[in-house]
Structures are given as C-alpha cells and as structure tokens.
Colleague: 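Questions regarding the structure given below will be posed in turn.
Just so we're on the same page: letters track the sequence lines, and every chain starts at 1.
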Amino acid sequence: SHLQHHQMYTPMYTHPSAVVNTHPGLSPHPGNMHQSVHESECDPRELEMFAERFKQRRIKLGVTQADVGAALANLKIPGVGCLSQSTICRFESLTLSHNNMIALKPILHTWLEDAEKQARERKAELENGLSGDKRRKRTSIAAPEKRSLEAYFAVQPRPSGEKIAQIAEKLDLKKNVVRVWFCNQRQKQKRMKFSAIAAGMGLGHH
DNA sequence: TGTATGCAAATAAGG
DNA sequence: CCCTTATTTGCATAC
C-alpha cells in the first residue's frame with residue numbers, strides 16, 4: 001500500500017523481465033491480458049527504442065503530438081479513443097508507467113503505420129465529420145467551488161450519498177463529480193499523512 | 001507555436 | 001450504488 005509511487009518508466013537499468021508488477025504478492029491484473037502473446041516486446045530497451053523512433057517518424061510526417069492524440073480516434077480500434085497531447089508527449093519521453101507504455105505502444109504503432117501509409121498515398125483528405133469517439137473529459141472545478149468542497153470535507157470527509165447530492169446541487173456540479181472529488185480528497189489526505197510521517201521519521205529533508 | 005509538467009480528475013478492479 | 005487502492009490521463013500553464 002505505498003501510495004503516490006507513480007513509478008515512472010525508468011529507461012535505464014531496468015531488468016528486461018523483472019518489471020510489470022508493483023506488488024510482489026498481489027494480483028497483477030492489468031485487465032486480463034494474456035501475457036503469453038509476446039513478452040519480448042515488453043523489454044524496456046525495446047520500448048525505449050520504439051519511443052524514440054516513433055518521435056522521429058512522427059516529426060518526419062510533420063505531425064504534432066496533439067495531432068497524433070486526436071488521430072487515434074479515427075483508427076477505430078475497439079476500446080481506443082483519442083488521447084491528449086500530454087499523453088503522447090509522455091509516451092515519447094517515456095514518462096509513463098511501464099505498463100502504460102506497453103499498453104499504448106501497439107496503438108501508437110498502428111497509428112504510425114497507418115499515417116505513413118496514407119502519406120505515401122498522398123491521401124490528402126483529413127478528418128471527415130468523424131469520430132463519434134469519446135475522450136476522457138476532465139472537469140475543472142473553479143476555486144470558489146473547490147474552497148467550498150474543502151470546507152465540507154473538513155467537517156465531514158465521508159458524506160452520505162444524500163449529502164453529496166445536496167452539495168452538488170448547491171455548487172452546481174454533477175453529483176458524480178462531487179463524489180469523485182471526495183474520494184480523491186481522501187486519497188490525498190492519506191498521502192499527506194504518510195509523507196508527514198515519513199518526514200517525521202527523518203526520511204524527509206530539511 | 002509545439003512541448004513539457006504539476007496537480008488532480010476520472011477510471012479500473014476487487015469488495 | 002458506493003468505497004478503497006492503484007493508475008491512467010487531461011486541463012492549464014509554464015517552457
């Protein structure tokens with residue numbers, strides 16, 4: 001239960017095979033992929049090379065990270081929609097978790113092949129009506145609302161569903177947004193408590 | 001103007 | 001349906 005360890009994909013010195021799992025004794029389960037397919041492609045080295053080559057080829061195509069992210073939706077792969085510029089950027093710089101890198105690799109690989117193929121065919125006709133695809137939306141909670149939520153949290157960190165609905169209405173936010181906010185706030189609280197303890201143990205700095 | 005990044009929403013998966 | 005824990009992304013905004 002180590003929170004906040006968003007173990008980034010560390011390019012160097014990672015053993016080719018001893019990765020993937022965050023918890024030695026717990027369930028691995030990234031969905032339920034059959035890791036038997038091709039494990040050679042999980043090699044950090046291989047990923048590092050792919051990411052670099054991907055960027056080179058992308059630039060050669062004259063496409064931006066944002067373009068790639070948006071274009072992924074046109075690929076129409078089952079569970080794949082578009083991604084943000086941020087994510088593409090992080091993939092190229094290997095600042096995503098190792099598992100995340102592995103999950104995204106085949107998708108970006110497909111896009112690259114497709115894009116180069118089209119470029120070859122001078123198929124100059126971009127985006128048509130297109131993609132009824134969904135991108136994960138991120139709500140931006142304004143400062144005033146955030147302050148109110150913090151005030152509610154201070155008095156009651158775990159409001160009932162009823163209370164949450166009430167707060168949501170008062171702040172003009174979706175109930176689910178408020179519910180998730182409280183969940184995330186609880187996680188944050190826990191992280192803070194941990195780092196505070198760590199600091200108290202002298203593991204911190206100062 | 002494209003690219004990084006910090007902070008933290010949204011999701012996944014087991015209860 | 002909601003929670004927790006672990007993770008995956010995206011908005012905003014700094015380079």
Side-chain angles (χ1 to χ4, degrees), chain A residues 1-11 19-33 35 47 51-52 54-73 77-108 111 133-150 153 156-168 171-195:
Chain A
S1 357
H2 42 192
L3 317 122
Q4 90 184 140
H5 293 185
H6 299 190
Q7 42 116 260
M8 290 314 195
Y9 174 71
T10 22
V19 196
V20 177
N21 211 329
T22 320
H23 239 143
L26 295 180
S27 54
H29 80 323
N32 64 59
M33 320 194 275
Q35 23 69 295
L47 268 177
E52 195 177 326
F54 176 86
K55 183 167 188 174
Q56 290 177 178
R57 294 163 76 183
R58 186 203 102 220
I59 292 174
K60 173 159 284 184
L61 284 168
V63 176
T64 66
Q65 297 174 339
D67 292 333
V68 175
L72 294 181
I77 297 176
V80 183
C82 57
L83 289 175
S84 65
Q85 171 262 321
S86 300
T87 302
I88 303 304
C89 169
R90 286 169 174 143
F91 180 86
E92 294 184 343
S93 58
L94 298 93
T95 47
L96 289 174
S97 70
H98 186 246
N99 283 344
N100 203 177
M101 287 294 292
I102 288 177
L104 258 32
K105 185 190 170 190
I107 295 168
L108 295 179
W111 170 80
D133 251 350
K134 50 260 180 165
R135 117 171 345 197
R136 181 189 198 148
K137 277 310 185 187
R138 184 196 174 99
T139 304
S140 287
I141 302 175
E145 286 67 40
K146 200 160 286 188
R147 280 195 292 280
S148 296
L149 288 170
E150 282 162 355
F153 187 84
Q156 173 53 67
R158 322 173 52 100
S160 63
E162 192 75 334
K163 183 66 179 175
I164 288 178
Q166 191 182 315
I167 293 174
L171 300 181
D172 190 35
L173 290 170
K174 294 297 210 50
K175 179 183 177 184
N176 196 52
V177 168
V178 174
R179 185 181 62 72
V180 170
W181 185 86
F182 273 90
C183 285
N184 284 318
Q185 196 60 27
R186 275 176 230 125
Q187 286 195 307
K188 183 181 177 184
Q189 195 80 145
K190 243 164 231 184
R191 273 199 304 277
M192 285 164 56
K193 185 166 58 187
F194 264 98
S195 54

Colleague: With a 3.5 Å cut-off and just heavy-atom distances, do the side chain of A:Asn176 and the base of B:dA10 make a donor-acceptor pair?
Modeller: no
Colleague: With respect to the side chain of A:Asn100, which nucleotide from C:dT8, B:dA9, C:dT4 is positioned closest?
Modeller: C:dT8
Colleague: Name the closest nucleotide to the A:Val180 side chain, picking from C:dT8, B:dA10, C:dT9.
Modeller: B:dA10
Colleague: Starting from the 5' end of DNA chain C, give me the residue, A:Leu83 or A:Pro159, whose nearest nucleotide shows up first.
Modeller: A:Pro159
Colleague: Rounded to whole angstroms, how far apart are CZ on A:Arg191 and C1' on C:dT7?
Modeller: 11 Å
Colleague: Is the distance from OP1 or OP2 of B:dA8 to the nearest side-chain N or O of A:Trp181 less than 4.0 Å?
Modeller: no
Colleague: Without decimals, in angstroms, what is the distance between A:Ile141 CD1 and C:dC11 P?
Modeller: 14 Å
Colleague: Tell me what A:Leu104 touches on the nucleic acid: a base, only sugar-phosphate, or nothing, going by heavy atoms under 4.0 Å.
Modeller: sugar-phosphate
Colleague: Can you check whether A:Lys188 has a side-chain N or O nearer than 4.0 Å to OP1 or OP2 of C:dT5?
Modeller: no
Colleague: Determine the contact category for A:Lys146: base if any of its heavy atoms lies under 4.0 Å from a base atom, sugar-phosphate if only primed atoms, P, OP1 or OP2 are that close, otherwise nothing.
Modeller: sugar-phosphate
Colleague: Who are the side-chain hydrogen bond (donor to acceptor under 3.5 Å, both in side chains) partners of A:Asp67, not counting sequence neighbours?
Modeller: A:Thr64
Colleague: Determine whether A:Ile107 and A:Leu83 make a side-chain contact, defined as any pair of heavy atoms from C-beta on separated by less than 4.5 Å.
Modeller: no
Colleague: Any idea which of B:dA9, C:dC3, C:dC11 is nearest the A:Arg179 side chain?
Modeller: C:dC3
Colleague: Reckon A:Lys137 has a side-chain N or O less than 4.0 Å from the OP1 or OP2 of B:dA10?
Modeller: no
Colleague: Does any N or O donor sit under 3.5 Å from an N or O acceptor when you compare the side chain of A:Arg136 with the base of C:dT8?
Modeller: yes
Colleague: Can a donor-acceptor pair under 3.5 Å be found between the side-chain atoms of A:Gln187 and the base atoms of C:dA6?
Modeller: yes
Colleague: Please report the distance, rounded to the nearest Å, between CZ in A:Arg186 and C1' in B:dA9.
Modeller: 15 Å
Colleague: Any donor-acceptor pair under 3.5 Å linking the side chain of A:Arg186 with the backbone of A:Arg158?
Modeller: no
Colleague: Quick one: sort the A:Phe54 and A:Trp111 rings into parallel, tilted or perpendicular, breaks at 30° and 60°.
Modeller: tilted
Colleague: Dump the intermediate steps for side chain to side chain contact (heavy atoms under 4.5 Å, CB included) on A:Phe182 and A:Ile167, then the final yes or no.
Modeller: CA-CA 11 Å; A:Phe182 273 90; A:Ile167 293 174; 4.1 Å; yes
Colleague: Would you mind reading off the bend of the helix from B:dG2-C:dC15 to B:dG15-C:dC2 from its two end axes, five pairs each, to 10 degrees?
Modeller: 30°
Colleague: What integer distance in Å separates A:Ile88:CD1 from C:dT9:P?
Modeller: 10 Å
Colleague: Rounded to the Å, how far apart are A:Phe91 CZ and C:dT8 C1'?
Modeller: 14 Å
Colleague: For A:Met192 and C:dT5, what is the distance between atoms CE and P respectively, to the nearest whole Å?
Modeller: 16 Å
Colleague: Who are the salt bridge (charged side-chain N to carboxylate O under 4.0 Å, His left out) partners of A:Arg58, not counting sequence neighbours?
Modeller: A:Glu92
Colleague: Taking only side-chain N and O atoms of A:Ser97, does any of them lie within less than 4.0 angstrom of OP1 or OP2 on C:dT8?
Modeller: yes
Colleague: Using a 4.5 Å cut-off on heavy atoms from C-beta on, say whether the side chain of A:Lys188 contacts that of A:Met192.
Modeller: yes
Colleague: Rounding to a whole Å, what distance do you find between A:Gln156:CD and C:dC2:C1'?
Modeller: 14 Å
Colleague: Mark yes when over 12 heavy atoms from residues, nucleotides or ligands other than A:Glu150 sit less than 6.0 Å from its CD; otherwise mark no.
Modeller: yes
Colleague: Tell me which of A:Asn184 and A:Gly161 sits closer to the 5' end of DNA chain C, going by the nucleotide each one is nearest to.
Modeller: A:Gly161
Colleague: Could I get a table of every N or O pair under 3.5 Å where one atom is in the protein and the other is in nucleotides 4-6 of chain B?
Modeller:
| unit_1 | atom_1 | unit_2 | atom_2 | d |
| --- | --- | --- | --- | --- |
| B:dA4 | OP2 | A:Gln65 | NE2 | 2.8 |
| B:dA4 | N7 | A:Gln85 | NE2 | 2.9 |
| B:dA4 | N6 | A:Gln85 | OE1 | 3.0 |
| B:dT5 | O4 | A:Ser86 | OG | 2.8 |
| B:dG6 | N7 | A:Arg90 | NH2 | 3.4 |
| B:dG6 | O6 | A:Arg90 | NH2 | 2.7 |

Colleague: Quick one: do A:Val178 and A:Leu171 satisfy side chain to side chain contact (heavy atoms under 4.5 Å, CB included)? Show the steps, please.
Modeller: CA-CA 9 Å; A:Val178 174; A:Leu171 300 181; 5.6 Å; no
Colleague: Can you name the side-chain hydrogen bond (donor to acceptor under 3.5 Å, both in side chains) partners of A:Ser86, sequence neighbours left out?
Modeller: none
Colleague: Could I get the full list of side chain to side chain contact (heavy atoms under 4.5 Å, CB included) partners for A:Arg138, not counting sequence neighbours?
Modeller: none
Colleague: In whole angstroms, how far is the P atom of B:dA10 from the CZ atom of A:Phe182?
Modeller: 14 Å
